[in-house]
Amino acid sequence: MPIRLHDSLTRELRELRPSPDGVFRFYNCGPTVYAPAHIGNFRTFVVNDVIRRLLELEFGADKVRHVRNLTDVDDRTIGQSQKEKRPLAEITKTWTELFHADCAALNCLPPHVEPTATGHIREQVDMIECLMEKGNAYRAPDGSVYFKIASFPGYGALSRIKERELKVTTSAFDADHKDDLGDFALWKAHKPEEDGDVQWPGPSGAAAGRPGWHIECSAMIKKHLGETIDLHTGGVDLLFPHHENEIAQSQCCNGTIFARHWYHSEHLLVDGTTMSKSKGNYYTLGDLVAKGYSPMAVRLALLMGHPRKQLNFTLDSLHAAESALASLRAHRASLAAAGAAHDAFASVLAMLQDDLNTPGALGALFTIINRKEGEPDAASFDRVMFALGLDLHQPAAPKATVPTEITALAEKRWAAKQAKDFAAADGLRKELTAAGWAMLDGKDGYKLEPLKK
RNA sequence: GGCGCGGUAGCCAAGUGGUAAGGCCGAGGUCUGCAAAACCUCUAUGCGUCGGUUCAAUUCCGACCCGCGCCUCCA
């Protein structure tokens, strides 16, 4: 069954098809590594991970080539480096490592190539020179290089912006160097007071400096995937100007279609509004793990909304996800290794293949589980878990360290219970509860867990 | 102002021109000394408001109300 996915350019559902050589080329815009990624960022990466998994199931793991970049030089990374007075590479290394750890915890398959902007300066400079030679870019008085959007008739096709609605902002100081306010930077001339020692030799005729943001994706895609790719994705916020600019750069330089399919996932809202530190609703994966939630529950919660709809994320939804995961684990344990119905969960995959309807897929999944019809086999179930990227082996929550006084209370209660002094046992349970601990009795022993709020 | 998205049970959230998936919570039950877990059962005459089209609308059309995102470097 083909995978159908909304295409942001044509705004319709279109089938995903590999390149003529049978390889599917997939590029997903990655993070800027200057701070911990938040769960809104991870919504996009988890959604893209599901796309990656569906592609592997559809075309074969060896036929999918997935590239996701790391933006390790831009205003924010440099700003952070200046602020902390640490070298840029040190800053970006720190946050790249955390990003990788978070991705692994969320069970995201690593991309086949994860190129960095600083590792591809040469490729970016080459592309800028190509654009200058073709008349699509020009050198500004300060030595920066800008892309001339008037030179590309197709500009605005993706975002449907025909004439730029200019919004007066004081931060548009770069406008002084541009021919047109819509033009965007391909290369930014070095500014010692802002950039510190971050600079490279520029394109021929330009000043030393660093690449503009958009050019890295165009250059790295060309190097690692070629001039035309099969799918390009990112968050909706990248639609304009980032992806619009990528199209302009790549198509003007290469003279051929850049991406045959575009897909943008919507934003995550928290408590009905955008995340921000001042509102106190800004979460990183680490924040949620510290609250006792498992990364797998975070992943499930991020998939509970349709990827092209804003998702209202709440701590309650994490609760729901944690419970739902427990059901899935229980169900998996009850499945026979080889049941009769080897395609029992096909409808779940069908939902995913129909424009990545993750909530619909989860609904179909639980419906099948609840009906208990036939004898679903483990392989079919596991295939669905693979597609969703749900690792059921992961513990529900990290082990908490039990304070010695709690252990002592528990021991006393266990002894009282063994002596059938239930009144004393109940009293001790109350004390434990008051202290925030749950004592789970087993046949031959007990477990202690922090009470869920 | 421009472009775009959405308003479905206490919360989250699918969906279809023919009478509302699913998850969580809650209630009842089975099982357990208690608690927890597991399992079973139940939970929207209703899908922002008002009109229209239709044999039939939550689903199509129009108007209105409300919320949200992007509009130069934010996934």
Side-chain angles (χ1 to χ4, degrees), chain A residues 8 11 28-32 37-48 71 74-76 156 159-167 169 171-172 174-175 178 181-185 188 212-214 233-242 244-245 264-269 272-275 300-301 303-306 308-328 330 333-334 347 351 357-370 372 413 417 420-423 425-427 429-430 432-433 438-443 446-447 449 451:
Chain A
S8 311
R11 302 197 182 183
N28 169 21
C29 278
T32 301
H38 60 244
I39 53 169
N41 296 309
F42 282 116
R43 178 184 196 197
T44 298
F45 299 127
V46 165
V47 164
N48 276 274
T71 297
D74 78 323
D75 291 350
R76 291 179 298 161
S159 55
R160 310 279 161 113
I161 289 180
K162 294 208 161 52
E163 287 176 24
R164 294 303 318 287
E165 291 284 331
L166 298 183
K167 207 169 141 186
T169 59
S171 63
D174 283 336
K178 301 177 186 176
L181 211 47
D183 293 349
F184 59 90
K188 303 178 90 158
W213 174 39
H214 315 296
T233 67
V236 274
D237 51 320
L238 297 185
L239 208 141
F240 185 86
H242 187 53
E244 194 72 74
N245 292 351
H264 295 90
S265 45
E266 254 296 349
H267 275 184
L268 183 76
L269 300 181
T273 177
T274 47
M275 252 188 292
L300 219 206
L303 293 174
M304 290 198 300
H306 190 108
R308 289 197 297 109
K309 265 178 80 171
Q310 291 171 347
L311 172 66
N312 186 24
F313 180 90
T314 62
L315 255 25
D316 275 348
S317 69
L318 237 31
H319 244 93
E322 207 79 77
S323 299
L325 276 176
S327 301
L328 291 176
S334 75
S347 63
M351 278 292 193
N357 188 348
T358 52
L362 291 168
L365 173 63
F366 281 98
T367 300
I368 295 165
I369 289 175
N370 293 338
K372 297 188 183 314
R413 181 177 166 276
K417 182 187 167 177
K420 302 223 185 291
D421 181 357
F422 296 127
D426 288 350
R429 178 182 287 287
K430 276 184 183 162
L432 283 162
T433 304
M439 184 164 171
L440 309 178
D441 293 0
K443 217 177 197 174
Y446 60 87
K447 281 196 301 186
E449 279 183 7
L451 282 177

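Letters A, B, ... mirror the listed sequences (proteins, then strands); counts begin at 1.
- Counting any heavy atom pair closer than 4.0 Å across all strands shown, Arg11(A) reaches sugar-phosphate atoms only and no base atom.
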Report the C-alpha separation of Trp213(A) and Asp75(A) in whole Å, then their side-chain angles, then the decisive distance to 0.1 Å, and conclude whether the side chain to side chain contact (heavy atoms under 4.5 Å, CB included) test is met. CA-CA 9 Å; Trp213(A) 174 39; Asp75(A) 291 350; over 6 Å; no
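- Checked against C11(B), U72(B), C74(B), the side chain of Asp74(A) finds its nearest nucleotide in C74(B).
- Counting only N and O atoms by type, the side chains of Asn41(A) and His38(A) include a donor and acceptor under 3.5 Å apart.
- Distance Leu362(A) CG to G23(B) P: 10 Å, rounded to the nearest Å.
- Checking U58(B) for Watson-Crick or G-U wobble geometry (two distances, each under 3.5 Å) identifies no partner in any strand.
- For the pair Arg43(A)/Glu266(A), a side-chain contact is recorded, criterion being any heavy-atom separation below 4.5 Å from C-beta on.
- Salt bridge annotation for Arg429(A)-Asp441(A): present, with a cationic side-chain nitrogen under 4.0 angstrom from a carboxylate oxygen.
- Place Ala326(A) and Gly40(A) on RNA chain B by their nearest nucleotides, and Ala326(A) ends up nearer the 5' end.
- As rounded to the nearest Å, A57(B) and U19(B) have C1' atoms that lie 10 Å from one another.
- Pairing for G1(B) goes to C71(B), judged as Watson-Crick or G-U wobble with the two contacts each under 3.5 Å.
- For Trp213(A), the listed nucleotide lying nearest its side chain is C73(B); candidates were A75(B), C73(B), C68(B).
- Rounded to whole Å, the distance from CD on Gln310(A) to C1' on G6(B) is 7 Å.
- Across all strands, Gly234(A) comes closer than 4.0 Å only to sugar-phosphate atoms, never to a base (heavy-atom distances).
- On the P atoms, G48(B) is 40 Å away from U30(B), given to the nearest whole Å.
- For the pair Lys417(A) and A35(B), the criterion of a side-chain N or O lying under 4.0 Å from OP1 or OP2 is not met.
- Distance NE2 (His242(A)) to C1' (C71(B)): 16 Å, rounded to an integer number of Å.
- Atom P of nucleotide C5(B) and atom CG of Asp237(A) are separated by 17 Å, given to the nearest angstrom.
- Using a 4.5 Å cut-off on side-chain heavy atoms (C-beta onward), Arg308(A) and Ser265(A) make no contact.
- For Lys188(A) against C73(B), a side-chain N or O and a base N or O form a donor-acceptor pair under 3.5 Å.
- Note: NE2 (His319(A)) to P (C12(B)) measures 16 Å, nearest angstrom.
- Stacking is found between Phe422(A) and the pyrimidine-like six-membered ring of the G33(B) base under the 5.5 Å centre-distance and 30° plane-angle cut-offs.
- Taking atom CE on Met304(A) and atom C1' on G23(B), their separation rounds to 7 Å, with Å as the unit.
- Taking only distance into account, the side chain of Arg429(A) never meets the base of G33(B) through a donor-acceptor pair shorter than 3.5 Å.
- Comparing atom distances between the Arg413(A) side chain and each of C74(B), G33(B), C25(B) picks out G33(B) as nearest.
- Heavy atoms of Ala324(A) sit under 4.0 angstrom from primed sugar atoms or phosphate atoms, though from no base atom.
- Of the candidate nucleotides A35(B), G23(B), A75(B), G23(B) has the atom nearest to the side chain of Phe366(A).
- Between Met304(A) and Leu362(A), the closest side-chain pair of non-hydrogen atoms falls below 4.5 Å.
- A gap of 11 Å separates the P atoms of G18(B) and U58(B), to the nearest Å.
- C60(B) and C66(B): their C1' atoms are spaced 23 Å apart (whole Å).
- As rounded to whole Å, 19 Å separates atom P of A14(B) from atom CG of Asn370(A).
- Under the Watson-Crick or G-U wobble criterion, with both distances below 3.5 Å, G33(B) is left unpaired in every strand shown.
- Taking atom C1' on both G69(B) and A75(B), the two are 13 Å apart, rounded to the nearest angstrom.
- With hydrogens and angles ignored, a donor-acceptor pair under 3.5 angstrom links the side chain of Asp426(A) to the base of G33(B).
- Among C73(B), A14(B), A35(B), the nucleotide with an atom closest to any side-chain atom of Ala185(A) is C73(B).
- In this structure, U45(B) forms no base pair with any nucleotide, since neither Watson-Crick nor G-U wobble geometry is met with both distances under 3.5 Å.
- Looking at heavy-atom distances under 4.0 Å, Leu365(A) makes no contact with the nucleic acid at all.
- Residue Gly235(A) is in sugar-phosphate contact alone, with no base atom involved, counting any heavy-atom pair closer than 4.0 Å across all strands shown.
- Residues Ser327(A) and Ile369(A) fail the side-chain proximity criterion, which asks for heavy atoms closer than 4.5 Å.
- For Ala330(A), the listed nucleotide lying nearest its side chain is C39(B); candidates were A13(B), C39(B), A75(B).
- Of the candidates C74(B), G6(B), A75(B), G6(B) carries the atom nearest the Lys309(A) side chain, counting heavy atoms from C-beta on.
- Residue side chain Arg43(A) does not reach the base of A75(B) through any donor-acceptor N/O pair under 3.5 Å, judged by distance alone.
- Counting distance only, with no hydrogens placed and no angle test, the side-chain atoms of Arg160(A) and the base atoms of C3(B) include no donor-acceptor pair under 3.5 Å.
- Here Ser159(A) lies in heavy-atom contact (under 4.0 Å) with sugar-phosphate atoms only.
- Asn48(A) comes within 4.0 angstrom of nothing in the nucleic acid, heavy atoms only.
- Counting any heavy atom pair closer than 4.0 Å across all strands shown, Leu440(A) reaches a base atom.
- Summary of the strand contacts: Gly30(A) and Ala425(A) both lie near RNA chain B, and taking for each the nucleotide with the nearest heavy atom, the more 5' one is attributed to Ala425(A).
- By the 5.5 angstrom centroid cut-off and the 30-degree plane limit, His267(A) is classified as stacked against the base of A75(B).
- The shortest distance between side-chain heavy atoms of Val47(A) and Thr233(A) does not fall below 4.5 Å.
- The shortest distance between side-chain heavy atoms of Ile39(A) and Leu268(A) falls below 4.5 Å.
- Residue His306(A) is in sugar-phosphate contact alone, with no base atom involved, counting any heavy-atom pair closer than 4.0 Å across all strands shown.
- Residue Asn312(A) places none of its side-chain N or O atoms closer than 4.0 Å to OP1 or OP2 of G7(B).
- Across all strands shown, Met439(A) has heavy atoms under 4.0 Å from base atoms, whether or not it also approaches the sugar-phosphate.
- Between Arg76(A) and the phosphate of C73(B), there is no side-chain N or O to OP1/OP2 separation shorter than 4.0 Å.
- Using N1 to N3 plus N6-O4 or O6-N4 for Watson-Crick, or N1-O2 and O6-N3 for G-U wobble, each under 3.5 Å, G6(B) pairs with C66(B).
- Considering only side-chain atoms of Pro241(A), the nucleotide from C25(B), A35(B), C74(B) that sits closest is C74(B).
- Considering only the side chain of Asn41(A), A75(B) comes nearest among G33(B), C11(B), A75(B).
- Going from atom CZ of Phe184(A) over to atom P of C71(B) covers 16 Å, rounded to whole Å.
- For the pair Asp426(A) and Lys417(A), the salt-bridge criterion is not met [side-chain N within less than 4.0 Å of a carboxylate O].
- Remark: the separation of the P atoms in C55(B) and A44(B) is 31 Å, to the nearest Å.
- C24(B) and U32(B): their P atoms are spaced 25 Å apart (whole Å).
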